[in-house]
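Below is one structure, written out as structure tokens, with a few remarks after it.
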Amino acid sequence: MTKPLRRIAAALAATALAALSLTSCAPSYPAATPITTNSVGVQMNMWSFDSIAAECPTLATDGYDWALVSPPQEDIQGSEWWDHYQPVSYMIDSSLGNEKQFKAMIAACNQVGVEIMVDVVLNHMTGQMNGQGFAGTEFTKYEFPGLYATDDFHSCPTGVDQIQDWSNVEEIQQCELLGLADLNTGKQNVRDQLAKFLQGLRKMGVSGFRVDAAKHIAASELKQIIDQLPSDTTFIDEVIGEQPPQSDYYAFSHVFSFDWITQMHNIFGSNGLLGGSADQSYFDMLSPSDKTVTLVSNHDTERNGSGLTYQFAKQFNLASAFTLAVPYGKPMMYSSYAFSDTDAGPIQGPDGYQPKAECVANVGPDHGTYADGEWVCQHRWPAIVGMIAFHKAVGDAKFTNIWQEGDGYGFGRGKLGYVAFNTGDTAIAATIKTSMPAGTYTDRISGSDVVVAADGTMQVNVASWSAVAIDVKSKK
Ligand code: ARE
Ligand code: CA
């Protein structure tokens, strides 16, 4: 080999080696299972990391595939739940727990097959002028040590900091939501910082993210952050209202269906006008099923009157069952604590951390009144747990055999399941035609036997504000 050639060969070998070592040093991410229409998730609103770790075996037994954790990063000090939506650094330390507890939660949940999704605040930092965060980070509104300086924040084109015109996408995305310091996600270094935060969580074993206030980040900029994460990472964006349209975000994310929250509030919150709402033509008007996470409520709608809550227990219960019953979307259930003050967070210990969450006794819609701070544990309500099994048994089977009688409304899911709801104040005794094979089934709601005759009919007694549900997997 001549000298120059040898040099080239050596250079090539070095490049190959460098490429090799780059691959071996490249960040390794644990594999994640993206959510499907068969998965069921639950928002464990404001549950501490230790509490979720302890609850994961129950979540797994009940059929939950993933749990959504409230924003885990360092926040401003205080006892309101919404402090957690004001980041001051990306250290994992807040009243929900520290990084060690966060990692232990992921390990405990993953071990039983429950994946962890994390609520991440990427649009903004705090709205406080200055202060010290939960873990001691000193900040001013536009200066966060080691993360961001003043020019990393948007300056609102209107000259007024806050969003004023909610129909103007530029304002929505470049001005301040609720006076929160708006990150300039148009800047590469800002996007890289945010991607680094997500990559860190993903490497710890987190499977996906709820992107808080996603509509306030330009879709093209959010995409550039998301593109820095492995492709098996799930993203669910919070995009409410008309502008920008949810469809801007479909190419790289799921969205939450706020239309579904409204619909559940309308049909179960009033006198239960189910007719026409469990209907394929209605679903066809909503966001695409495969891109949509359906929910009855979240932490905002539970407080602002737009969603059903545990305080309307029988309605919340049936709406959750209904969300699991229909062939639309990827359902997320909701679990939280009782409150009378909408600002109040869960009870904190003297060290600022939350003590372990314990579910109330007699968990379920008939529990009665709650003291502030008690853990309602809607995720354990028997009808909800029963309908998770139904949801998994029927898969994507289509509607069949619609039944309507007074306040009763039912439908089949092909030959795989049948469910009948009663949103009236008296029980309904009915003979309902199904496409189910003849046999004896266990009702997923009450646990009683339901017999399907050779002609597919079943005689049922549907209790007031309850349901009867059978599926191929509940056949005796
Ligand atoms: C708190 C105080 C404020 C104060 C602010 C800054 O309450 O008075 O100005 O701090 O100091 C949560 C709480 C807020 C809280 C905030 C920060 O709800 O009260 O502010 O945390 O601590 C819009 C957004 C949507 C957003 C809702 C609330 O588009 O993204 O408003 N939802 C998420 C979270 C919230 C969270 C934040 C964002 C902020 O889920 O929990 O706020 O991180 C129409 C519009 C929607 C609009 C909706 C409001 O539908 O189309 O765009 O949603 O109305 O109902
Ligand atoms: Ca923004």
Side-chain angles (χ1 to χ4, degrees), residues 43 45-46 68 70-88 94-95 118-131 133-134 139 141-142 148 152-158 161-187 190-191 194 209-222 225 236-246 248-249 255-259 261-262 265 293 295 297-307 332 334 336 339 341-345:
Q43 177 179 1
N45 183 45
M46 291 301 293
L68 173 63
S70 291
Q73 85 301 318
E74 180 183 13
D75 62 346
I76 55 169
Q77 293 179 19
S79 60
E80 298 85 6
W81 63 267
W82 45 256
D83 296 329
H84 294 263
Y85 290 88
Q86 300 199 33
V88 306
S94 73
S95 63
V118 170
D119 194 347
V120 286
V121 182
L122 309 181
N123 177 62
H124 52 261
M125 299 297 278
T126 180
Q128 263 183 19
M129 288 321 290
N130 53 62
F134 184 92
F139 63 87
K141 188 172 170 187
Y142 303 108
Y148 306 114
D152 292 325
F153 292 89
H154 276 130
S155 66
C156 179
T158 62
D161 288 341
Q162 292 236 20
I163 302 167
Q164 302 171 89
D165 177 359
W166 282 81
S167 65
N168 181 320
V169 175
E170 198 184 24
E171 266 192 56
I172 291 172
Q173 296 179 339
Q174 296 179 22
C175 303
E176 294 183 350
L177 165 66
L178 300 161
L180 299 155
D182 200 65
L183 284 163
N184 185 348
T185 40
K187 290 185 72 180
V190 171
R191 290 195 301 268
L194 293 168
F209 304 98
R210 167 193 186 266
V211 180
D212 181 71
K215 79 177 238 185
H216 301 278
I217 304 173
S220 59
E221 294 166 7
L222 182 55
I225 297 169
I236 315 172
D237 295 347
E238 191 214 9
V239 182
I240 321 176
E242 300 296 313
Q243 288 296 336
Q246 289 193 323
D248 283 7
Y249 296 78
V255 294
F256 290 105
S257 178
F258 292 91
D259 289 338
I261 296 179
T262 307
H265 188 265
V293 172
L295 65 172
S297 186
N298 70 10
H299 58 286
D300 293 329
T301 62
E302 183 182 42
R303 290 175 169 77
N304 66 18
S306 64
M332 180 179 82
Y334 181 73
S336 195
F339 60 87
D341 170 358
T342 54
D343 290 328

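Counting from 1, the numbers follow the sequence of the chain as shown. What you see is a predicted model; the values in this text were computed from it and never measured. Remember, it's 1-based here, ligands and their atoms both numbered in the order they're listed.
- In terms of heavy-atom proximity, Val239 sits nearest to Gln246 at O-NE2, 2.9 Å.
- Remark: of the listed residues Leu183, Asn123, Thr185, Thr185 is the sole one forming a side-chain contact (heavy atoms from CB on, under 4.5 Å) with His154.
- For His299 and Phe339, the distance between ring centers is not under 6.0 angstrom.
- With hydrogens and angles disregarded, no donor-acceptor distance shorter than 3.5 Å links the side chain of Trp166 to the backbone of Gly241.
- Nearest protein heavy-atom neighbour of atom 29 (O) of ligand 1: His216 NE2, 2.7 Å.
- A heavy-atom distance below 4.5 Å is not found between the side chains of Cys156 and Gln174.
- Closest protein heavy atom to atom 23 (C) of ligand 1: Leu177 CD1, 4.1 Å.
- Atom 32 (N) of ligand 1 is flagged as protein-proximal [any protein heavy atom, distance under 4.0 Å].
- Residue His216: an N/O/S atom is found under 3.0 Å from the Ca ion (ligand 2).
- We find that Arg191 and Glu221 are not joined by a salt bridge, their nearest charged nitrogen and carboxylate oxygen being 4.0 Å or further apart.
- Counting only heavy atoms of the protein, atom 55 (O) of ligand 1 lies nearest to Asn304 ND2, 4.1 Å.
- The distance criterion of under 3.5 Å between nitrogen or oxygen atoms is met by Lys215 with respect to ligand 1.
- Only the side chain of Asp212 comes within 4.0 Å of ligand 1, counting heavy atoms alone; its backbone N, CA, C and O stay farther away.
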Original post:
Would Glu176 and Lys141 satisfy salt bridge (Lys or Arg N to Asp or Glu O under 4.0 Å), going step by step from the backbone distance to the final call?
Top reply: CA-CA 12 Å; Glu176 294 183 350; Lys141 188 172 170 187; 3.0 Å; yes

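- The shortest side-chain heavy-atom distance between Thr126 and Val88 falls under the 4.5 Å cut-off.
- Thr185 lies apart from the Ca ion (ligand 2) in this respect, since none of its N, O or S atoms is found at a distance under 3.0 Å.
- Judged by distance alone, the side chains of Asp259 and Ser257 never bring a donor and an acceptor atom under 3.5 Å apart.
- Between Asp237 and the choices Phe256, Phe209, Tyr249, the side-chain contact (heavy atoms from CB on, under 4.5 Å) rule is met once, by Tyr249.
- For His124, every heavy-atom contact with ligand 1 shorter than 4.0 Å involves the side chain, none the backbone.
- The residue Glu242 has no part lying near ligand 1, judged by heavy-atom distances below 4.0 Å.
- Of all protein heavy atoms, the one closest to atom 44 (C) of ligand 1 is Ile240 CG2, 4.6 Å.
- Within 4.0 Å of atom 49 (C) of ligand 1, not a single protein heavy atom is present.
- Remark: ligand 1 and His299 share an N or O pair separated by less than 3.5 Å (distance only, no angle test).
- Comparing Trp82, Trp81, Phe256, Trp166 against atom 2 (C) of ligand 1, the shortest heavy-atom distance belongs to Trp82.
- The nearest heavy-atom contact from the protein to atom 26 (C) of ligand 1 is Glu238 OE2, 3.6 Å.
- Using a 4.0 Å cut-off between heavy atoms, Leu180 contacts ligand 1 through its side chain alone, with no backbone atom that close.
- Counting only heavy atoms, the protein gets under 4.0 Å from atom 14 (C) of ligand 1.
- Residue contacts with ligand 1 for Glu80 are absent, since no atom lies close enough (heavy atoms, distance under 4.0 Å).
- Protein heavy atom at the shortest distance from atom 40 (O) of ligand 1 is Asp300 OD2, 2.4 Å.
- Using a 4.0 Å cut-off between a side-chain N of Lys or Arg and a carboxylate O of Asp or Glu, Glu242 and Lys215 do not qualify as a salt bridge.
- Taking any N or O of Leu178, backbone or side chain, at least one lies under 3.5 Å from an N or O belonging to ligand 1.
- Against a heavy-atom cut-off of under 4.0 Å, Gly241 is close to the following atoms of ligand 1: 51 (O).
- Within a 4.0 Å radius of atom 8 (O) of ligand 1, the protein has no heavy atom.
- Across Leu222, Leu122, Ile217, a single residue satisfies side-chain contact (heavy atoms from CB on, under 4.5 Å) together with Leu194, and that is Leu122.
- The shortest side-chain heavy-atom distance between Glu170 and Pro157 falls under the 4.5 Å cut-off.
- Applying the 4.0 Å criterion to heavy atoms of Ala213 picks out, from ligand 1, the atoms 30 (O).
- A side chain to side chain donor-acceptor pair (under 3.5 Å) with Tyr85 is found for exactly one of Asp212, Asp75, Asp119, namely Asp119.
- One of the N, O or S atoms belonging to Asn123 lies under 3.0 Å away from the Ca ion (ligand 2).
- Protein heavy atom closest to atom 10 (O) of ligand 1, with residue, atom name and distance, is Gln86 NE2, 3.0 Å.
- Residue contact check for ligand 1: Arg210 places a non-hydrogen atom closer than 4.0 Å to it.
- A donor-acceptor distance shorter than 3.5 angstrom exists from the side chain of Gln73 to the backbone of His84, with no hydrogens or angles considered.
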